[in-house]
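One structure is given here, and the rest of the page talks about it.
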Amino acid sequence: MLPARLRIFFLPGWLASMAVLIASFHLEHVLNLMPCPLCFSQRLLLGVYSLVCLCAIIHRPQLRGRRNYAGLALASSLGGALLAARHVWLQGAGVVVETCQMPFGRVLEQSWREAFRQLVFGGPDCTSLTWSFIDLTLPEWSLLAFLLLSALPLGWLVAYRLHVLGKG
């Protein structure tokens, strides 16, 4: 049986990702902030990160399984960080787009190619600055969250690699 500290290794990541997801749904449903396509993509990757951590908690994998779960969590968090960085860049580029925000259902009514393009590269409404807290916009908070969430699996993978190199 694994020590308790190894069994709950993914618990902080799961709790943090759930807190960020709950905050994003709070902003949408309570403060009525309509998320753009890039926000939905970031939520999807945050949900994947949360699901990977939850599966790792329930599964209680051995060393190889923990490495695989950490790799999946790292991939989803870095993917989310890339999307958030793109979102920050779009907002900082100063591109002014005079269009109303498109509901997410309308994004999916377009062709698959156009929907994928908007979900990955952003749509016309991804440049609007609608909310900030402590002078950071929502995409900047998202980027910060993804980078912090990536520290957990990255730290474990680096420690694992150093341990393996120390044995060999």
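Note that this is a predicted model, so its numbers are computed, not measured. We count residues from 1, following the sequence as given.
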Task: Pairs touching residues 148-163 that satisfy salt bridge (Lys or Arg N to Asp or Glu O under 4.0 Å), sequence neighbours left out - done: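 Checked against salt bridge (Lys or Arg N to Asp or Glu O under 4.0 Å) - neighbours excluded - no pair reaches residues 148-163.
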Open item on the list: Per the salt bridge (Lys or Arg N to Asp or Glu O under 4.0 Å) rule, what does the pair list look like for residues 25-48, sequence neighbours excluded?
Closed with: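 Output for this query lists E28-R43.
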Determine whether [X] and [Y] fall in the same hydrophobic cluster, where Ile, Leu, Val, Met, Phe, Trp and Tyr are linked whenever their side-chain heavy atoms lie under 4.5 Å apart.
X    : Y   : result
F25  : L51 : no
Y69  : I57 : yes
L154 : V20 : yes
I22  : L46 : no
F10  : L21 : yes

TODO: Quick one: list whatever passes side chain to side chain donor-acceptor pair (under 3.5 Å) with S77, sequence neighbours left out.
DONE: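 For S77, no residue satisfies side chain to side chain donor-acceptor pair (under 3.5 Å) once neighbours in sequence are set aside.
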TODO: Only counting residues at least two apart or in another chain, list the ones meeting side chain to side chain donor-acceptor pair (under 3.5 Å) with H26.
DONE: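 For H26 there are no side chain to side chain donor-acceptor pair (under 3.5 Å) partners, ignoring immediate neighbours.
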Open item on the list: Once side chain to side chain contact (heavy atoms under 4.5 Å, CB included) is applied, do any residues pair with A16, and if so which ones, sequence neighbours excluded?
Closed with: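 So A16 forms a side chain to side chain contact (heavy atoms under 4.5 Å, CB included) with L149.
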TODO: Show your reasoning for whether side-chain contact (heavy atoms from CB on, under 4.5 Å) applies to Y49 and L152.
DONE: CA-CA 11 Å; Y49 182 93; L152 180 72; 4.2 Å; yes
- [ ] Look at the side chain of S50 and the backbone N and O of G47, then say whether any donor-acceptor pair between them is shorter than 3.5 Å.
- [x]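 No, because the side chain of S50 does not come within donor-acceptor range (under 3.5 Å) of the backbone of G47.
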TODO: Quick one: do S142 and F146 satisfy side-chain contact (heavy atoms from CB on, under 4.5 Å)? Show the steps, please.
DONE: CA-CA 6 Å; S142 180; F146 276 116; 3.5 Å; yes
Open item on the list: Please evaluate residues M18 and C53 with respect to the criterion side-chain contact (heavy atoms from CB on, under 4.5 Å), reporting the C-alpha separation (whole Å), side-chain torsions for both, the decisive distance (0.1 Å), and the verdict.
Closed with: CA-CA 10 Å; M18 288 304 296; C53 288; over 6 Å; no
TODO: Over all heavy atoms of both residues, which pair between Q42 and G80 is shortest? Give the atoms and the distance, please.
DONE: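 The pair with the smallest heavy-atom distance is CG-O, 4.3 Å.
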Task: Residues that Y160 engages under ring-ring contact (aromatic ring centres under 6.0 Å, His included), provided they are two or more places apart - done: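 Here the qualifying residues are W156.
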